[in-house]
Amino acid sequence: MNKAYNYKGADELIPLLRSIQQEVRERREEILRLESSSRVFKRRAGHHPRLASIEAELMTHRRELRMAERELQRLGCTMDGERPFRVLIPGNDGAIEHGFAWDLGDTKVHTIIEDPAA
């Protein structure tokens, strides 16, 4: 089932989108930090006692990141592939192309304007 939002409905999603985006950002940062630590330990010793713990933490953060992304999908929204902290929200007809965009930090959603030359 496609979700559809008018401007008011899309705007009312902002507190939830903010929360999901915050979690996505924090999880991504932690994944990068843990991947870096994992590479360091693998280079130095091949197998370090802390490595198993790091790998377990990585799996947890990746799973939680997938869950946050699924929550966006459940709302009918998607992450903008070109702008990492932008969420695309379907419009009245359920199409993203006719919907709205919200960037982390914004207080309002913005109408997506199609480029007629594209």
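A quick note: this is a predicted structure, and the numbers were derived from the prediction, not measured. When reading the values below, keep in mind they use all heavy atoms of this one structure, side chains included, and skip hydrogens, waters and symmetry mates.
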Worksheet item: Only one of I112, L75, I96, L17 clears side chain to side chain contact (heavy atoms under 4.5 Å, CB included) with I89; which?
Response: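 Among the candidates, only L17 passes.
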
Fill in: Partner of V24 under side chain to side chain contact (heavy atoms under 4.5 Å, CB included), chosen from E26, R28, R27, Q22
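The residue from E26, R28, R27, Q22 that satisfies side chain to side chain contact (heavy atoms under 4.5 Å, CB included) with V24 turns out to be R28.
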
Discussion item. Keeping N6 on the side-chain end and N92 on the backbone end, is there a donor-acceptor pair under 3.5 Å?
Written reply: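 No, because the side chain of N6 does not come within donor-acceptor range (under 3.5 Å) of the backbone of N92.
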
To the nearest 0.5 angstrom, please state how far the [atom1] atom of [X] sits from the [atom2] atom of [Y].
X    : Y   : atom1 : atom2 : value
L32  : E30 : CG    : CD    : 9.5 Å
L88  : T78 : CG    : OG1   : 6.0 Å
Y7   : E12 : OH    : CD    : 11.0 Å
S37  : K42 : OG    : NZ    : 11.5 Å
D103 : R83 : CG    : CZ    : 4.5 Å

Worksheet entry | Residue pair R70, M67: steps toward the side chain to side chain contact (heavy atoms under 4.5 Å, CB included) verdict | CA-CA 5 Å; R70 274 191 228 123; M67 289 175 64; 4.0 Å; yes

Can you name the nearest heavy-atom pair linking [X] to [Y], along with the distance?
X    : Y    : value
F100 : A10  : CD1-CB, 3.6 Å
W102 : K108 : CD1-O, 3.8 Å
P84  : M79  : O-CE, 3.3 Å
G76  : P90  : O-CD, 3.2 Å

Item to complete: Identify whether the distance between the nearest side-chain nitrogen and carboxylate oxygen of E71 and R74 falls below 4.0 Å.
Response: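 Salt bridge flag = yes for R74 with E71.
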
Worksheet item: Are R33 and E29 close enough for a salt bridge, meaning some N to O gap below 4.0 Å?
Response: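 Salt bridge absent between R33 and E29.
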
Worksheet item: Will you find, in the side chains of E69 and Q73, an N or O donor that is under 3.5 Å from an N or O acceptor?
Response: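 No pair is found: no donor N or O on one side chain lies under 3.5 Å from an acceptor on the other.
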
Item to complete: Return yes if a side-chain donor-acceptor contact under 3.5 Å exists between Q21 and R18, otherwise no.
Response: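 Q21 vs R18: no donor-acceptor pair found between side chains.
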
Item to complete: For residues I14 and V109, determine if any side-chain heavy atom of one lies less than 4.5 Å from a side-chain heavy atom of the other.
Response: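 Of all side-chain heavy-atom pairs linking V109 with I14, at least one is under 4.5 Å.
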
Worksheet item: Tell me, do E35 and R39 make a side-chain contact under 4.5 Å, heavy atoms counted?
Response: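 Touching, per the 4.5 Å side-chain cut-off.
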
Item to complete: For D106, check salt bridge (charged side-chain N to carboxylate O under 4.0 Å, His left out) against everything at least two apart and list the hits.
Response: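 D106 satisfies salt bridge (charged side-chain N to carboxylate O under 4.0 Å, His left out) with no residue once adjacent residues are dropped.
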
Discussion item. R50: which residues meet the side chain to side chain contact (heavy atoms under 4.5 Å, CB included) condition with it, sequence neighbours left out?
Written reply: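 Listed in chain order: F41, H48, S53, I54, E57.
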
Worksheet item: Between I31 and L58, does a side chain to side chain contact (heavy atoms under 4.5 Å, CB included) hold up when you go through it step by step?
Response: CA-CA 6 Å; I31 287 168; L58 264 170; 4.0 Å; yes

